[in-house]
Amino acid sequence: MNVRIGYLYPDLMNIYGDHGNVLTLVRRCRWRGIAVDVDELKPGDPVLPGRHDIFFMGGGQDREQVMVARDLIEVKGEAINREIEDGAAALVICGGYQLFGRFYRPFDGEELPGIGVFDAYTVAGRKRCIGNVVAKSALGGKAGLVVGFENHSGKTYLGQGCTPLGMVTVGCGNNAEDRTEGAVHLGAVGTYLHGSLLPKNPGVADFLIERALSRRGHLLPLRQLDDTIELRARQAAIARAKKTH
Ligand code: GLN
């Protein structure tokens, strides 16, 4: 079995340790004997049909979002949508998440068109949401929780066709109004949770890997890993989040 990760704009969209998500996907595949390759997809690089099983895009400030938005729309967007509809997985964080919606309207400057993987849109908020987040989520493993760290001013609103990743019990999440956090569409997961997300949320990592493998016809359940350390890290993050809110 082989998984190929398409790492979108690694030099431009990679803040608050988001690269750690790619390292986690690679490790959790290799620990299971699954071969995994990572392709960097930079501005101008095309997305080839059927080549990638998981797409990843990290967060970035407004400046970097402007730098990648045009390429995402003009070079990669249509193909990424097609791949996700065809069963590919994706994990997009914060600024990357915003550009996978329908649009991102920053405070100053042009509205940035998104590629519309998620039926969602983002507008700039006056208050910056910074802090730990805990959310109840179906992808949160046995505890049913996902944890992370948020740092964004954008407020994302989900359309009817969009399922949240979870419902926050601590922190702002999508918009600090409706308690939703993130978005899920088929195998694509968008979230505001930096941290990076996956080391402390193995359930989300394995969801992405399972989706990637099932697209290639490998429908077997993933071999369970010893997640003692990961779950201990998640518990510590939950305790810290509860203390700081
Ligand atoms: N520029 C976006 C915001 O502030 C995203 C920031 C990020 O990726 N952390 O909402």
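Just so you know, ligand 1 is whichever comes first in the structure, and atom 1 is the first atom listed for that ligand.
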Peer 1: Quick check on contacts: which atoms of ligand 1 are under 4.0 angstrom from a heavy atom of Tyr16?
Peer 2: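 With Tyr16 as reference, the close atoms of ligand 1 come out as 9 (N).
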Peer 1: Considering Gly58, Gly60, Gly59, Gly154 one by one, which has a heavy atom nearer to atom 5 (C) of ligand 1 than any of the others?
Peer 2: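 The option holding the nearest heavy atom is Gly60.
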Peer 1: Let me check something: do Phe55 and Phe118 share a hydrophobic cluster, defined by ILVMFWY side-chain heavy atoms less than 4.5 Å apart, either directly or through other members?
Peer 2: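 Per the 4.5 Å side-chain linkage, Phe55 and Phe118 are co-clustered.
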Peer 1: As an exercise, identify every atom of ligand 1 less than 4.0 angstrom from a heavy atom of Cys94.
Peer 2: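 So the atoms of ligand 1 that pass are 5 (C), 6 (C), 7 (C), 8 (O), 9 (N).
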Peer 1: At a 4.0 Å threshold, what atoms of ligand 1 neighbour a non-hydrogen atom of Asp62?
Peer 2: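 Reading through ligand 1 atom by atom, the close ones are 1 (N), 2 (C).
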Peer 1: Between Arg32 and Asp206, is the closest basic N to carboxylate O distance under 4.0 Å?
Peer 2: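 Yes, charged N to carboxylate O under 4.0 Å.
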Peer 1: Give the contacting part of Asn151 toward ligand 1: side chain, backbone, both or neither, where contact means a heavy-atom distance below 4.0 Å.
Peer 2: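 Contact part for Asn151 vs ligand 1: backbone (N, CA, C, O).
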Peer 1: Got the closest protein heavy atom to atom 3 (C) of ligand 1, with its distance?
Peer 2: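 So the nearest neighbour among protein heavy atoms is Ser153 N, 3.5 Å.
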Peer 1: Is there any N or O on Tyr192 that sits under 3.5 Å from an N or O of ligand 1?
Peer 2: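 No, since none of the N or O atoms of Tyr192 sits under 3.5 Å from an N or O of ligand 1.
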Peer 1: Could you tell me, atom by atom, which parts of ligand 1 come under 4.0 Å of a heavy atom of Arg128?
Peer 2: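 So the answer, numbered in order with elements, is 4 (O).
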Peer 1: Are a donor atom and an acceptor atom from the side chains of Tyr104 and Asp62 found within less than 3.5 Å of each other?
Peer 2: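 Result is yes, a qualifying pair exists.
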Peer 1: Give me the one residue out of Thr156, Asn151, Asn174 that meets side chain to side chain donor-acceptor pair (under 3.5 Å) with Tyr192.
Peer 2: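 Single side chain to side chain donor-acceptor pair (under 3.5 Å) partner of Tyr192 among Thr156, Asn151, Asn174: Thr156.
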Peer 1: Mind checking whether Ile15 contacts ligand 1 via backbone (N, CA, C, O), side chain (CB onward), both or neither, at a 4.0 Å heavy-atom cut-off?
Peer 2: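 Within the 4.0 Å criterion, Ile15 contacts ligand 1 through side-chain atoms alone.
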Peer 1: Looking at Arg51 and Asp37, does any basic side-chain N land under 4.0 Å from a carboxylate oxygen?
Peer 2: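 Salt bridge absent between Arg51 and Asp37.
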Peer 1: For ligand 1, which atoms sit closer than 4.0 Å to a heavy atom of His194?
Peer 2: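 Counting from 1, the qualifying ligand atoms are 9 (N).
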Peer 1: Is the closest basic N to carboxylate O distance between Glu110 and Arg70 below 4.0 Å?
Peer 2: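 Here Glu110 does not pair with Arg70 in a salt bridge, since their nearest N and O are not under 4.0 Å apart.
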Peer 1: May I ask you to list the atoms of ligand 1 that are less than 4.0 angstrom from any heavy atom of Gly95?
Peer 2: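 Listed by number with element, the hits are 5 (C), 7 (C), 8 (O).
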Peer 1: Kindly indicate, with the supporting measurements, whether the criterion side-chain contact (heavy atoms from CB on, under 4.5 Å) is fulfilled by Leu99 and Met57.
Peer 2: CA-CA 10 Å; Leu99 294 178; Met57 186 167 168; 4.1 Å; yes
Peer 1: Heavy atom of Tyr104 under 4.0 Å from ligand 1?
Peer 2: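 So Tyr104 counts as touching ligand 1.
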Peer 1: Any atom of ligand 1 sitting under 4.0 Å from a heavy atom of Glu150?
Peer 2: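 It does not, in that no heavy atom of Glu150 comes within the 4.0 Å cut-off of ligand 1.
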Peer 1: Measure across Glu150 and Cys172 and return the closest heavy-atom pair with its distance rounded to 0.1 Å.
Peer 2: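 Reported closest heavy-atom pair: OE2-N, 2.7 Å.
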Peer 1: Looking at Asp178 and Met167, what are the two nearest heavy atoms and their distance?
Peer 2: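 Taking Asp178 first and Met167 second, the nearest heavy atoms are O-CE, 3.7 Å.
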Peer 1: Any side-chain to backbone donor/acceptor pair from Ser196 onto His19? Under 3.5 Å, distance only.
Peer 2: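 It does not hold such a pair.
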Peer 1: So for Met13, does at least one of its heavy atoms come nearer than 4.0 angstrom to any atom of ligand 1?
Peer 2: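 In this structure, Met13 fails to qualify as a contact of ligand 1 - no heavy atom is under 4.0 Å.
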Peer 1: Which of the numbered atoms in ligand 1 are below 4.0 angstrom from a heavy atom of Gln65?
Peer 2: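 Listed by number with element, the hits are 1 (N), 2 (C), 5 (C).
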